[in-house]
Amino acid sequence: MWKLKRTTTCGDLRASDVGKTVVLNGWVDARRDFGSLVFVDLRDRYGKTQILFSPDRDRAVHDLAAKLRGETVIAVKGVVRKRDADTINRKIATGEIEIDALELEVINEAKTPPFEIGDRVNVSEEMRLQHRFLDLRRPAMQRNIVTRHKIVQTIREYMDASGFIDIETPYMVKFTPGGARNFVCPSRLYPGKFFALAESPQIFKQLFMVSGLDKYYQIARCFRDEDLRADRQMEFTQLDIEMSFVQREDVMEAVEGAVAAVWKRLLGIDLPMPFARMSYDESERDYGTDKPDLRFGLKICDVSELVKDAEFKVFSETVKKGGVVRGLVAPGGGVFSRKEIEGLETYCKGIGAKGMVSLKIEPGWKAGGPSAKFFPEALVRALVERTGAKEGDLMLFIADEEEKAASVLGGLRLALRDKLKLVKDDVYRFCWVLDFPMFEVSEEGKVGAKHHPFTSPMDEYLDILEKEPMKVRAKAYDLVLNGVELGGGSIRIHQRELQQRIFKLLGLTEDYARDRFGFLLDAFEFGAPPHGGIALGIDRLAMLILGLDNIRDVITFPKTQSTVDLMTGAPGTITEKMMKELHIRVVE
RNA sequence: GGGGGUGUAGCUCAAUUGGCUAGAGCGCCAGCUUGUCACGCUGGAGGUUGCGGGUUCGAACCCCGUCACCCUCGCCA
């Protein structure tokens, strides 16, 4: 039990509080010992306050303070005192005052921490995750957590004000095929049967619409047993939304409002509305991806038509075989060394390219580089005109089948963004990507849903659904920010017959579809309204607002890339007894 | 499962072509210090160079294997 309970925090006191007797609680951030005078910076979530321990005031208190170590939890009672003009610390909010200590209580001593608690030292992430409770004591991490709180708070206020209601859905659900792998939970009551952790609240929120609850939202945790990335954790948080009697513009408008409210509150920025819109085809063609980074140019150009009869066989043969030749311009890339250009080609090969052709633009429509001799002046002139290249630039071309050329150039475009430092901080370019294909073909040739199987096809494609499924476009939309997919959604199917047609196209037998989704199909027969929604990644949103490149810094206890919690050691084994009770056995 | 990067003191890093007792800053310990605020000064302790094996007169450095962390492809409807 400790005696001195705080009357204020370490971030509150100002010159106007001079003369007050206060009690502060907190952690020793630093101690500066002058033999006689001892200064202690006391820290809590709200800030830092300097405490002065003078031997003239109380010898015993001073001597105790001289022995304080970093991170010890203490309580100090003292008088707020104005600092002399030349000893004011402009770097901290409480820098005009200090506490003249009368009493000191050591509440809990601390061992020397494995790393310094502060923002100025770079500590390896491994070390931080192992001692996350100390890492979270650092001001930078506290700022991330508070920002995340403010984002969620702003969203909740906005959603409530817009008539949305926060409704919870189960996390323990029935396994659903397709999509992300589920985590599975055995139950002692059902041998051989398993719950699954929800990969998303998708079906439940659709059923809310059937129930007439309309305008649903939830800040929901989702669980997916897939490999991790810088922007992916096995459990993550979504802003999940579903609305009835809407078309896609209605959903997009609602999301834009919520996002704009967040940007206004957190960054003071008025986002231009509505956000940019782009079709999936346009995005793939111009940016080589379905999540374009619009903060810089470097659009991809198709030059197939210009080179189809060229002497340069790599180009002409590719076009004759039905492929394409596309390229982009690296501004000022004429100065790249041969090694740098080779580096770019290696990068392209790493993401699936057969090769990369580069042409420097030299004075007088001349081309430079190893392949230059194959490019007569007229062709160079045409290429330059088509791509908009200028003297001193470097044109980079990929010849391949269309999809491959697009994706390689999409990657190359981002590599050039980083290499040439083409984007500034604090620029936010939102974009909706629309008109996604309904289906995609996996490597094994299986037809799968591009978004998910509940997405509605666009009306004009209903007739060719079975005949030419790959031509069908969906009423789906993705929200993209600076090349990061923030979220996606769609107008859903609300008729049993259409839903069954889609299941069938995806290769689900009627029996299987009924077993897994029977309740949904049934629901559609009891008066299902047209509805649609979206889900946005809250972790990614927080990451982008904070200018971070890693989702783990906005999650309190994240897993490593190998899905391990370095602090708790999870996952761990369970006892034989538990396994028996759960009717499960480990098989090698 | 594939590709790439990293691993040296408590922490962050250095160590020339394979060659001196493996160093520095911070932190830690002791002492000095009445206006510091990343205090300063003096001294000190601290190393299985991730782990295992190999090559060599000699390995932090080269080779093989392995582990951990990071980035990435596949995967993430």
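First the proteins, then the strands, lettered A, B, ... as listed; each starts at 1.
When only modelled atom types and interatomic distance are considered, A:D478 and A:Y280 share no side-chain donor-acceptor pair under 3.5 Å.
Distances were taken from every side-chain heavy atom of A:E125 (C-beta onward) to each of B:C70, B:G27, B:U36; the shortest belongs to B:C70. Side-chain atoms of A:T87 lie closest to B:C37 of the nucleotides B:C37, B:A38, B:C39. When distances are taken from the side chain of A:S36 to each of B:U34, B:G10, B:G35, the shortest belongs to B:U34. Closest approach to the A:R232 side chain among B:C69, B:C76, B:U72 is made by B:C76 (side chain taken as heavy atoms from C-beta onward). Side-chain proximity of A:A180 to the nucleotides B:G35, B:C69, B:C76 is greatest for B:C76. Nearest nucleotide to the side chain of A:E98, out of B:U72, B:G35, B:C28: B:G35. Closest approach to the A:F39 side chain among B:U36, B:C69, B:C37 is made by B:U36 (side chain taken as heavy atoms from C-beta onward).
Below the 3.5 angstrom threshold, one finds a donor paired with an acceptor across the side chain of A:R83 and the base of B:C37. A donor and an acceptor atom sit less than 3.5 Å apart, one in the side chain of A:R81 and one in the base of B:G35. Between the side chain of A:R229 and the base of B:G74, a donor-acceptor pair under 3.5 Å is found.
B:A24 is paired with B:U12 under the criterion used here, namely a Watson-Crick or G-U wobble arrangement in which both key atom distances are under 3.5 Å. In this structure B:C69 sits in a base pair with B:G5, meeting the Watson-Crick or G-U test at under 3.5 Å.
B:U72 and B:C37 are spaced 42 Å apart, taking the P atom of each and rounding to whole Å. With C1' as the reference atom, B:G52 and B:C67 are 10 Å apart, rounded to whole Å. Taking atom C1' in both B:U12 and B:U21, the straight-line distance is 24 Å, to the nearest Å. Of the C1' atoms belonging to B:G25 and B:A38, the separation is 12 Å, rounded to the nearest Å. To the nearest whole angstrom, the two P atoms, one in B:G7 and one in B:C63, are 15 Å apart.
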